[in-house]
Protein chains: 2
Amino acid sequence: MEVHQLRYFCAVAETASFTRAAEREKVAQPSLSQQIMKLEKELGGRLFDRLGRTVRLTSMGKVFLPRARAILNELKAARDEAAASQSTLSGPVCIGAIPTVAPYFLPAQIASFSAKFPQASITVVEDVTARLMDRLRASLVDLALMAHPTRANDLKFFPLCSERLFAILPKDHRLAKRRNVLLEELREDPFLLLRDDHCFRETAMEMCKRARLSPRIVFETGQFSSILGMVGAGMGISIIPEMAVERRSDCSFVLIADENALRTVGVVTLKGRFLSRVQQTFLEHMRSQSEAKIPD
Amino acid sequence: MEVHQLRYFCAVAETASFTRAAEREKVAQPSLSQQIMKLEKELGGRLFDRLGRTVRLTSMGKVFLPRARAILNELKAARDEAAASQSTLSGPVCIGAIPTVAPYFLPAQIASFSAKFPQASITVVEDVTARLMDRLRASLVDLALMAHPTRANDLKFFPLCSERLFAILPKDHRLAKRRNVLLEELREDPFLLLRDDHCFRETAMEMCKRARLSPRIVFETGQFSSILGMVGAGMGISIIPEMAVERRSDCSFVLIADENALRTVGVVTLKGRFLSRVQQTFLEHMRSQSEAKIPD
DNA sequence: GGACTTCCATAGCTAACGCCTATTGCAAGC
DNA sequence: GCTTGCAATAGGCGTTAGCTATGGAAGTCC
């Protein structure tokens with residue numbers, strides 16, 4: 001049973017004529033007759049009575065007609081829906097983001113994108129790098145915002161922006177008024193850091209290592225806002241990226257005087273993964289939005 | 001968009017592998033790949049992500065899958081229903097019958113057929129010959145019980161039985177006790193006949209003509225039972241076929257002594273009309289049932 | 001890290017099948 | 001009885017779904 005056979009069948013039923021049906025379907029009449037006969041053979045009985053010059057549905061034809069019509073409609077609906085899911089900028093976009101990027105970067109991006117494409121249904125998953133990579137590989141997220149080009153070669157990294165790193169000090173810290181600072185100068189201060197699974201902990205530790213400094217860690221957390229609070233309370237110092245800097249009365253942010261004190265934020269996708277048009281568009285939206293923001 | 005493409009698509013979606021899907025669908029893997037690619041091209045986007053060794057639905061694939069499944073199910077249902085309407089002995093049988101046959105012949109036929117094939121849904125239309133022929137030509141009835149082979153060459157006549165004709169006389173008629181009678185002997189009696197559009201009127205008039213008798217008609221009706229009642233009341237005499245004979249205290253039935261005093265009852269179908277299996281079976285049922293009943 | 005395996009895509013060929021034109025066969029209408 | 005209208009048949013052609021063989025990329029094993 002083939003699609004064109006159903007089309008021809010409906011055409012004959014509707015025009016009550018093989019000749020007119022053939023015209024409507026833009027095929028020669030014998031071709032159409034053949035296909036109808038083939039269909040009749042498959043179904044084990046005639047669909048039409050051929051009575052001299054009139055053609056009429058048999059009782060089997062009568063029960064078959066609505067089903068054939070339904071199938072043709074469903075085919076059209078399926079084709080249309082599929083095409084629409086590609087051509088219109090609608091459908092699901094699931095974005096992953098690490099906790100040290102999500103609250104500072106995503107809200108504005110999503111807001112501007114949603115304003116342009118209100119049909120897109122955006123969901124966000126916040127998780128640490130390792131687990132985001134798993135989710136990418138399982139196609140549970142379409143795009144992931146992460147820091148540093150990934151070493152995994154089944155993933156692709158699109159850099160968005162590089163941002164400078166800052167030392168965060170209590171307002172009354174001896175270096176709080178400086179325009180910039182070397183990490184070496186903070187050798188004696190107790191450190192507050194993110195937990196082990198956060199990639200920014202690694203970034204910070206890397207900086208310390210470059211400054212030949214092994215920090216005394218007195219507090220670990222999962223979010224910068226806790227660090228800011230604790231630093232403000234005088235518990236110690238820390239390192240944060242530029243996007244986490246915020247005006248506070250109890251903390252000072254001092255630029256780290258090291259040209260390598262940078263964090264690169266980018267979008268990661270799974271290689272070989274086909275992105276729908278919305279998903280692709282969201283990626284391009286983020287890239288174009290952040291071009292302007294790349295500080296250098 | 002073709003049926004096999006939908007089948008292949010579902011197979012890949014369900015096995016998560018082109019190779020396994022090809023095995024399941026009994027085609028070579030490249031053939032299947034080609035068809036999927038063709039389908040993807042038609043829909044304007046990929047249906048699957050090919051990620052190294054895993055194959056996974058894209059978001060378009062996810063919306064397309066249930067629709068493809070639904071269509072395949074509908075196809076199967078349509079095929080099954082059509083095949084069932086041919087193979088199982090169910091479905092509509094619309095029988096036409098002339099009023100001078102219907103009440104005497106049909107009830108037993110329908111009862112025995114329904115007992116054997118309770119799935120058949122039988123409807124009966126009672127009408128005179130001319131209108132039954134119209135209904136046959138319009139496919140409003142599938143079979144029609146009529147008398148005498150039809151002259152119309154777009155119809156086909158299957159004889160069922162030939163029955164003798166009887167004179168019906170009031171109990172106190174001078175010939176009421178006879179074993180048989182010649183129509184000539186009834187030359188003086190007033191006649192009761194069916195109305196003009198009933199074919200049995202023609203049969204009766206034919207008999208009169210053969211007996212060189214032009215009957216004086218004193219009553220016309222549409223049914224034998226009225227004639228029986230009126231004859232019983234002594235209004236006159238009439239002619240009826242054997243199947244209309246019934247024991248009555250006020251009438252006598254005397255066989256007409258003419259070897260041509262016969263009425264042939266048969267089934268008529270429209271030439272070129274395809275009968276479903278029930279319809280065909282009903283026809284054969286009637287023919288086999290009445291074989292035994294053909295008097296000669 | 002190189003050989004092997006696994007899996008999908010590509011290339012080239014073949015056979016089937018849908019479509020074509022021309023013609024026949026059958027009714028219907030003048 | 002001839003023409004007309006319509007579906008079926010016959011025979012040729014081109015497209016295409018299917019095949020085998022091969023290529024290339026990713027994962028696996030020693």
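When reading the values below, keep in mind they use all heavy atoms of this one structure, side chains included, and skip hydrogens, waters and symmetry mates.
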| message | Apply side chain to side chain contact (heavy atoms under 4.5 Å, CB included) to residues B:Lys156 and B:Val268 and explain how you reach the verdict. | response | CA-CA 5 Å; B:Lys156 206 153 78 184; B:Val268 177; over 6 Å; no
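- Put simply, the side chain of B:Arg56 never gets that close to the backbone of B:Thr54: no donor and acceptor are under 3.5 Å apart.
- In terms of modelled atom types and a separation under 3.5 Å, the side chain of A:Thr264 and the main chain of A:Ser162 share no donor-acceptor contact.
- The distance between atom NZ of A:Lys156 and atom P of D:dA26, rounded to the nearest whole Å, is 12 Å.
- Phosphate proximity of D:dA8 to A:Gln34: absent, as no side-chain N or O sits under 4.0 Å from OP1 or OP2.
- B:Arg53 has no side-chain polar atom (N or O) that falls below the 4.0 Å cut-off from OP1 or OP2 of D:dA25.
- An end-to-end axis angle of 20° holds for the helix from C:dG1-D:dC30 to C:dC30-D:dG1, taken from five base pairs per end and rounded to 10°.
- Considering only residues two or more places apart in sequence or on other chains, B:Phe117 meets the ring pair (Phe, Tyr, Trp, His ring centres under 6.0 Å) condition with B:Phe113.
- With rounding to whole Å, B:Asp154 atom CG is found 15 Å from C:dG29 atom C1'.
- The salt bridge (Lys or Arg N to Asp or Glu O under 4.0 Å) check on B:Arg201 picks up B:Asp196, B:Glu220, with sequence neighbours excluded.
- Contact between A:Met133 and A:Ala152 at its shortest, heavy atoms only, is CE-CB, 3.7 Å.
- Nucleotide D:dA7 holds its P atom 13 Å from the CD atom of A:Glu40, rounded to whole Å.
- What separates CZ of A:Phe48 from C1' of D:dA7 is a distance of 13 Å, to the nearest Å.
- Taking a cutoff of 4.0 Å between a charged side-chain nitrogen and a carboxylate oxygen, A:Lys271 and A:Asp154 do not qualify as a salt bridge.
- When every heavy atom of A:Leu75 is checked against every heavy atom of B:Met1, the shortest pair comes out as O-CE, 3.4 Å.
- Between the side chain of B:Glu40 and the backbone N or O of B:Leu47, at least one donor-acceptor pair lies under 3.5 Å.
- By the salt bridge (Lys or Arg N to Asp or Glu O under 4.0 Å) test, A:Asp127 pairs with A:Arg131, A:Arg135, sequence neighbours left out.
- As rounded to whole Å, 12 Å separates atom P of C:dC26 from atom NZ of B:Lys271.
- Per the geometry, CG belonging to B:Leu155 stands 13 Å off P belonging to C:dA27, to the nearest Å.
- Atom CD1 in B:Ile36 sits roughly 12 Å away from atom C1' in C:dC8 (whole-Å rounding).
- B:Ser31 contributes no side-chain N or O that, together with a main-chain N or O of B:Val27, makes up a donor-acceptor pair within less than 3.5 Å.
- Of the possible polar contacts, none joining the A:Arg46 side chain to the B:Phe274 backbone as a donor-acceptor pair under 3.5 Å is found.
- Distance A:Glu2 CD to C:dC19 P: 11 Å, rounded to the nearest Å.
- Side-chain N/O atoms of B:Arg50 include one lying less than 4.0 angstrom from OP1 or OP2 on C:dA9.
- When each of A:Leu51 and A:Gln35 is assigned the nucleotide of DNA chain C bearing its nearest heavy atom, the one mapping closer to the 5' terminus is A:Gln35.
- Using a 4.0 Å cut-off on heavy atoms, the residues of residues 23-33 of chain A that approach DNA chain D are A:Gln29, A:Pro30, A:Ser33, listed by number.
- Within the 4.0 Å cut-off from OP1 or OP2 of D:dT16, not a single side-chain nitrogen or oxygen of B:Lys38 is found.
- Shown for residues 8-21 of chain B: residues whose heavy atoms fall under 4.0 angstrom of DNA chain C, namely B:Ser17, B:Phe18, B:Thr19.
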